[in-house]
Amino acid sequence: MTIDYKVAASAAKALLNLYSFNIAVDSIQVQETKREFEGDLTVVVFPFLKISKTSPENTAIALGELIVKDLEDVIGFNVVKGFLNLEIANSYWIQFLNNSIDLPSYGFKKRNSKNEVMVEYSSPNTNKPLHLGHLRNNFLGYSVAKILEANGHKVQKVQIINDRGIHICKSMISWKNYGEGETPESSGLKGDKLVGKYYVKFDQVYKSQVAALIEEGNDKETAEKKAPIINAARELLQKWESKDPETLALWQMMNSWVYEGFEHTYREMGVNFDKLYYESNTYLNGKDEIKKGLNSGVLFKKDDGSVWCDLTQDGLDEKLVLRGDGTAVYMTQDIGTAILRYQDYPDLAYQIYTVGNEQEYHFKVLFLILDKLGFSKAKSNYHLSYGMVELPEGKMKSREGTVVDADDLLEDMIATAKSISETQGKLSDLSEEEKSDTYKKIGYGALKYFLLKVDPKKGMMFNPEESVDFQGNTGPFIQYTYVRAKAVIKKAGKEAQPSTNNLLLSPAEKKVIKTLHNYPSVIKEAARLYNPGVLSNYIFELVKDYNSFYQSTNILKEENLDLVGLRLNFSGLTARVIHSGMKLLGIDMPEKM
RNA sequence: GGGCCAGUAGCUCAGCUGGAUAGAGCACCUCCCUUCUAAGGAGGCGGUCAAAGGUUCGAAUCCUUUCUGGCUCACCA
């Protein structure tokens, strides 16, 4: 039981004794005392005035006296207006530290197998390389998965790979026509980059063909339909659907290039998946489910053969779930995939989809239809919607060449970390391998932290020139503090020992310990909101508190050895909490920097 | 036009279910390394919380309206 709860419960009891009024413990506001005031925890008494029928001050004093009497850990109080500031005994904070020394995963909840959750993220098309937007998506999805695990959930990390459809055929036809047999090996290009190159080529050819047709007197719409290369792509899609061996072979070959390229990028990013779903495997499943839905009357067919779901009762429109020609749309395969996942993981409580906010309507509809089809768990599904990453010039446009390529950016981060590290010259006694490992941890730490510290649902600005800093509220600053704390402990060379309870704490020391004390509730809150930013902000606060203490106090030169031990204890816990918290963000810690 | 989201310091962002004088980082200005790592610390400058109403002991936070920006409402994904 946390001290906050104890205080709230005690306040409730006091209200009952004083005014014979029964109040829910949860409804009592207990908050941290603001820095300008004296005390540790504050009870807001304004809401009780109606019950007490006396002034805020008198109410607060009456409550304070009873709480101090009731709780051993509360040793005093003061009242400012309607705020009852309580002083918590040092022994409470020290005891908390002592209790945490041996906890292997402080702040984490025990695994509860009933709460299995699936988190989907990444899910790129297989015709373009990954870019900055995918980085936000992957870091976000991965981090949320980790945060849920820390909260006791069993988590399945998955992605759906859009390996099928007209967009793939565009790359295929383009490669067929202009590729001259080029492969990743022959060109030295990363597989996804090679396929992306032919996707771009398709677009160029297509545009020039459309332009030529318009020149010949066609209107825009017909020109777009008549362009030979788009028709060739459609033909290829037909062949693919009819399982033409040559087409399938080409498709498999080009996809395998892409997967190899993606695999490399995922490894660099430090993300992974428990299971991969491929659209080419799930879209038929979707069609089956549509059939079932028709039979059960949840869905209906129009005269042209297209299948729809009527959502007008829910305040939405009718939604197409299968084309008139029987081919699948996005919704078809998403229905199929979702249901397949419930079958693959029967204990799944719900699914989380990490997908950009432009698809909010789609997921709203998807969850509704799934529910109507009899998958009531879908009501608990969550669309982890995030805002676009924008550049100073505006949105990323492949046409204008403003797309920030994921591999390039990752490489740049390492280069920046390297150049800063070399200027500082603190890594000189490391091997080359250790150095490059450190550069990577720092550079990627900066990027991940930058992308994760912002509330997911908000759009964010990314200025390649100056955005990713290494000072202030950044990954490297946090890593630096971690390295510092570890260095002190290493120098002290002592095992952690429980501290005596009667030590005096400086304000800086107490602040660090109190912030450490909050870690479990922060993990909970980050999970509740599906927001790694909550965790980032917390780690930053902890790190600032620790640095402030560190700078003002020489830990090892203190003569009182009990005090040295205590400082080492919370330095150790600080390092562990930083390490653990950053791990939940997918960020690794260097041991030196 | 309907729906969803956002608007907080010059810039990038925190601010939880309403609580004390709205906070950080960057940038700018002062200081602090013969010391456990200065990628750091201490301080200063900087705000009509988009605007107007309302709800109440109390509003950046809740409600209404307006303005601005983003996304969305496809037999696209």
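Lettering follows sequence order; numbering is per chain, from 1. Everything numeric here is computed off the predicted structure, so don't read it as measured data.
Counting non-hydrogen atoms under 4.0 angstrom, A:Asn547 reaches the backbone sugars and phosphates but no base. Residue contacts shown for A:Val454 are limited to sugar-phosphate atoms, with no base heavy atom under 4.0 Å away. Counting non-hydrogen atoms under 4.0 angstrom, A:Tyr361 reaches the backbone sugars and phosphates but no base. Looking at heavy-atom distances under 4.0 Å, A:Lys453 makes no contact with the nucleic acid at all. Looking at heavy-atom distances under 4.0 Å, A:Pro56 makes no contact with the nucleic acid at all. When heavy atoms are screened at a 4.0 angstrom cut-off, A:Lys457 is found touching the sugar-phosphate backbone but no base atom. Residue-level contact check: A:Gln29 touches the bases, meaning some heavy atom is under 4.0 Å from a base atom. The residue A:Leu529 sits apart from the nucleic acid: no heavy atom pair falls under 4.0 Å. Residue contacts shown for A:Met388 are absent, as no nucleic acid heavy atom lies under 4.0 Å away. Note on A:Phe540: only backbone sugar-phosphate atoms sit closer than 4.0 angstrom, heavy atoms only; bases stay farther off. Residue-level contact check: A:Asn85 touches the bases, meaning some heavy atom is under 4.0 Å from a base atom. Nucleic acid contact for A:Lys364: none, since no nucleic acid atom lies under 4.0 Å from a heavy atom of the residue. Within 4.0 Å of A:Thr553, counting heavy atoms only, lies at least one base atom of the nucleic acid. Contact annotation for A:Thr42: base contact, defined as any heavy-atom pair under 4.0 Å involving a base atom.
Of the candidate nucleotides B:C76, B:C71, B:C36, B:C71 has the atom nearest to the side chain of A:Lys395. Candidate nucleotides B:U35, B:A39, B:G19 were compared by shortest atom distance to the side chain of A:Phe46, and B:G19 ranks first. Nearest to the side-chain atoms of A:Phe83 among the listed nucleotides B:C16, B:A77, B:A20 stands B:A20. Here B:A14 is the nucleotide among B:A39, B:A14, B:C36 with the atom lying nearest to any side-chain atom of A:Asp455. Side-chain proximity of A:Arg323 to the nucleotides B:A77, B:A42, B:C26 is greatest for B:A77. Of the candidate nucleotides B:A14, B:A38, B:A77, B:A38 has the atom nearest to the side chain of A:Tyr480. Checking B:U37, B:C71, B:C26 against every side-chain atom of A:Lys426, the shortest atom distance belongs to B:U37. Checking B:G40, B:C71, B:A39 against the side-chain heavy atoms of A:Asn357 singles out B:C71 as nearest. Set against B:A14, B:A77, B:A38, the side chain of A:Tyr550 has B:A38 as its closest nucleotide. If you check B:U35, B:G19, B:G41 against the side chain of A:Phe477, the one that comes closest is B:G41.
Separation of the P atoms belonging to B:G15 and B:C62 is 12 Å when rounded to the nearest angstrom. The gap from the P atom of B:C4 to that of B:G46 amounts to 40 Å, rounded to the nearest Å. The gap from the C1' atom of B:U8 to that of B:U48 amounts to 12 Å, rounded to the nearest Å. Rounded to whole Å, the C1' atom of B:A52 lies 16 Å from the corresponding atom of B:G7. Taking atom C1' in both B:A60 and B:A22, one finds a spacing of 7 Å when rounded to whole Å. Separation of the C1' atoms belonging to B:U64 and B:A59 is 15 Å when rounded to the nearest angstrom. Taking the P atoms as reference points, B:G23 lies 33 Å from B:U66, given to the whole Å. Going from the C1' atom of B:U61 to that of B:U56 covers 14 Å, rounded to whole Å.
Atom CZ in A:Phe450 sits about 20 Å away from atom P in B:A24, given to the nearest Å. Taking atom CZ of residue A:Arg164 and atom P of nucleotide B:C76, one finds them 12 Å apart after rounding to whole Å. The nearest whole Å value for the distance from the CD atom in A:Gln333 to the C1' atom in B:C76 is 11 Å. We find that CE of A:Met460 is positioned 14 Å from C1' of B:G25, with the value rounded to whole Å. Here the P atom of nucleotide B:A77 and the CG atom of A:Leu322 are 12 Å apart, to the nearest Å. Rounded to a whole Å, the CD atom of A:Gln31 is 11 Å from the C1' atom of B:G18.
Residue A:Tyr530 is tested with A:Tyr353, A:Tyr382, A:Tyr121 for a ring-ring contact (aromatic ring centres under 6.0 Å, His included); the sole match is A:Tyr382.
Looking only at side-chain heavy atoms (C-beta outward), A:Arg528 and A:Asn151 stay at 4.5 Å or farther from each other. A:Val329 has its side chain out of reach of A:Val321: every pair of non-hydrogen atoms, C-beta onward, lies at least 4.5 Å apart. Using a 4.5 Å heavy-atom cutoff, the side chains of A:Leu451 and A:Leu135 are in contact.
A tilted orientation is assigned to the rings of A:Phe363 and A:Phe367, their planes being inclined by 30° to 60°.
For the pair A:Ala328 and A:Leu556, nearest-nucleotide mapping onto RNA chain B gives the more 5' position to A:Leu556. Each of A:Gln424 and A:Leu320 was assigned the nucleotide of RNA chain B with the nearest heavy atom; the assignment lying further toward the 5' end belongs to A:Gln424.
Pair assignment for B:U12 gives B:A24, based on Watson-Crick or G-U wobble hydrogen-bonding distances that are each under 3.5 Å. The base-pairing partner of B:U35, taking Watson-Crick or G-U wobble contacts with both distances under 3.5 Å, does not exist among the strands shown. Under the Watson-Crick or G-U wobble criterion, with both distances below 3.5 Å, B:G43 is paired with B:C29. Under the Watson-Crick and G-U wobble criteria, each requiring two contacts below 3.5 Å, nucleotide B:A6 is paired to B:U68.
The two residues A:Ala575 and A:Ala485 make their nearest non-hydrogen contact at CB-CB, 4.3 Å.
A donor-acceptor contact under 3.5 Å is not formed by the side chain of A:Ser552 with the base of B:A42. If you check distances only, the side chain of A:Ser548 never reaches the base of B:A42 with a donor-acceptor pair under 3.5 Å.
Shown here is A:Lys287, whose NZ atom has more than 12 heavy atoms of other residues, nucleotides or ligands within 6.0 Å.
Judged as a side-chain hydrogen bond (donor to acceptor under 3.5 Å, both in side chains), the pairs with a partner in residues 126-136 of chain A (not counting sequence neighbours) are, in order, A:Thr126-A:Asn255.
B:C28 takes the anti form, because its glycosidic angle lies more than 90° either side of 0.
A donor-acceptor pair shorter than 3.5 Å can be found between the side chains of A:Ser571 and A:Tyr546.
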